[in-house]
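The next block holds one structure in the form of structure tokens; read it before the comments.
A, B, ... follow the sequence lines: proteins, then strands. Residue 1 opens every chain. In this text the structure is predicted, and so the values were computed from the model without any measurement.
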2 protein chains.
Amino acid sequence: MEEHQLKAAGLKITSPRLKILNLLAHGELDHLSAEAVYQALKDLGEDVGLATVYRVLTQFEEAGLVERHFFSGNQAVFELTSDSHHDHLVCNQCNKVFEFSNDKIEQEQAIIAESLGFVLNDHRLHLYGDCKNPQCTHKIQSK
Amino acid sequence: MEEHQLKAAGLKITSPRLKILNLLAHGELDHLSAEAVYQALKDLGEDVGLATVYRVLTQFEEAGLVERHFFSGNQAVFELTSDSHHDHLVCNQCNKVFEFSNDKIEQEQAIIAESLGFVLNDHRLHLYGDCKNPQCTHKIQSK
DNA sequence: TTTGCTGCAAATGCTTTGCATGTAG
DNA sequence: CTACATGCAAAGCATTTGCAGCAAA
């Protein structure tokens with residue numbers, strides 16, 4: 001149950017938080033912007049203020065429940081933190097996001113950080129390109 | 001000479017463009033925000049409007065002369081495009097940026113993109129951590 | 001009841017744009 | 001002379017914050 005995760009994060013169990021967590025966990029879409037979360041909830045008839053969406057997503061991030069990514073540089077997108085780490089491949093045409101993971105890369109990153117005397121906290125690997133899928137001929141706005 | 005690069009990019013040779021290109025090529029600092037470029041020029045007694053700095057940096061980026069990075073998510077930084085590709089390691093404490101390159105990682109990225117049917121255009125690999133350098137005890141604002 | 005949460009509107013910070021003036025070619 | 005550049009001020013967008021009213025524990 002989602003309630004448990006909120007409690008573990010030291011957050012009160014409130015309706016907006018449950019709705020947002022539920023949307024991220026069971027919704028159709030992934031890698032949603034705050035605005036997209038706001039809209040998705042509105043479309044479900046669940047009205048939550050945009051400021052609250054921002055606040056809750058930030059709290060979730062601080063609690064480690066979600067991760068924030070900047071694929072485009074001007075708008076953050078959020079995804080539920082998954083048990084298995086992965087990186088991202090973004091299509092420049094349709095903005096679709098693909099996930100992948102690669103142990104060799106992870107390993108090399110650790111070696112590099114080590115050799116430079118760094119204690120690694122986090123990292124982001126974003127690949128940008130064009131997916132050749134037939135369905136990717138038109139631009140889809142994933143705002 | 002810098003003039004040649006501007007000409008090759010189809011840009012008129014103007015004073016602001018030369019000053020900015022020169023700053024990036026021969027200045028002390030690297031990975032500068034637009035604001036930082038504006039300030040650095042002002043400190044040199046060279047006044048260039050902030051809007052012009054933004055416009056010129058964007059034109060340089062389009063021409064492939066500079067690269068734009070989002071290390072922090074809310075402010076872009078720019079660096080001269082170098083002949084040798086490299087990725088970045090950012091210290092969470094002092095915001096210092098270190099560069100590195102790793103052929104294995106580059107190679108794996110290509111394999112991943114290939115296997116997912118992607119034509120790769122670009123990528124960003126950012127490592128975040130704490131550098132253990134003695135000089136990194138205080139927070140330095142690299143604004 | 002107390003502490004923390006929500007919604008709204010206003011504020012913020014980075015970046016872009018409109019427009020009148022200036023200047024490279 | 002013409003097309004493109006510049007500077008300023010205003011606008012734009014994503015995100016944050018202040019505050020009064022609400023709700024969870």
So do the side chains of [X] and [Y] get within less than 4.5 Å of each other, counting heavy atoms only?
{"X": "B/T52", "Y": "B/V48", "answer": "yes"}
{"X": "A/E106", "Y": "A/D87", "answer": "yes"}
{"X": "A/K12", "Y": "A/L6", "answer": "no"}

What is the separation between atom [atom1] on [X] and atom [atom2] on [N], rounded to the nearest whole Å?
{"X": "A/K7", "N": "C/dG4", "atom1": "NZ", "atom2": "C1'", "value": "16 Å"}
{"X": "B/R17", "N": "D/dC4", "atom1": "CZ", "atom2": "P", "value": "11 Å"}
{"X": "A/Y54", "N": "C/dT6", "atom1": "OH", "atom2": "P", "value": "16 Å"}
{"X": "B/Q59", "N": "C/dT15", "atom1": "CD", "atom2": "C1'", "value": "15 Å"}
{"X": "B/I20", "N": "D/dT6", "atom1": "CD1", "atom2": "C1'", "value": "11 Å"}
{"X": "B/F70", "N": "D/dC13", "atom1": "CZ", "atom2": "P", "value": "17 Å"}
{"X": "B/L6", "N": "D/dC4", "atom1": "CG", "atom2": "P", "value": "16 Å"}
{"X": "B/L57", "N": "D/dA5", "atom1": "CG", "atom2": "P", "value": "15 Å"}

Under the side chain to side chain donor-acceptor pair (under 3.5 Å) test, which residues partner B/T14, sequence neighbours left out? none
Of the options D/dA5, C/dC14, C/dG25, whose atoms approach the side-chain atoms of B/I13 most closely? C/dG25
Please confirm whether any donor atom in the side chain of B/K12 sits under 3.5 Å from an acceptor in the base of C/dT23, or the reverse. no
Tabulate atom names and distances for all N/O pairs under 3.5 angstrom spanning the protein and nucleotides 7-10 of chain D.
residue, atom, partner, partner atom, Å
D/dG7, OP2, B/G49, N, 3.0
D/dG7, OP2, B/T52, OG1, 2.5
D/dG7, N7, B/R55, NH2, 2.7
D/dG7, O6, B/R55, NH1, 3.4
D/dG7, O6, B/R55, NH2, 3.4

Might you point out which heavy atoms bring B/A25 and B/E2 nearest each other, and give the distance in Å? CB-OE2, 3.9 Å
Nearest heavy atoms of B/F60 and B/I20, plus distance in Å: CE2-CG2, 4.1 Å
Answer yes or no: are there more than 12 heavy-atom neighbours, outside A/H26 itself, under 6.0 Å from its atom NE2? yes
DNA chain C: B/L11 or A/T14, which has the more 5' nearest nucleotide? A/T14
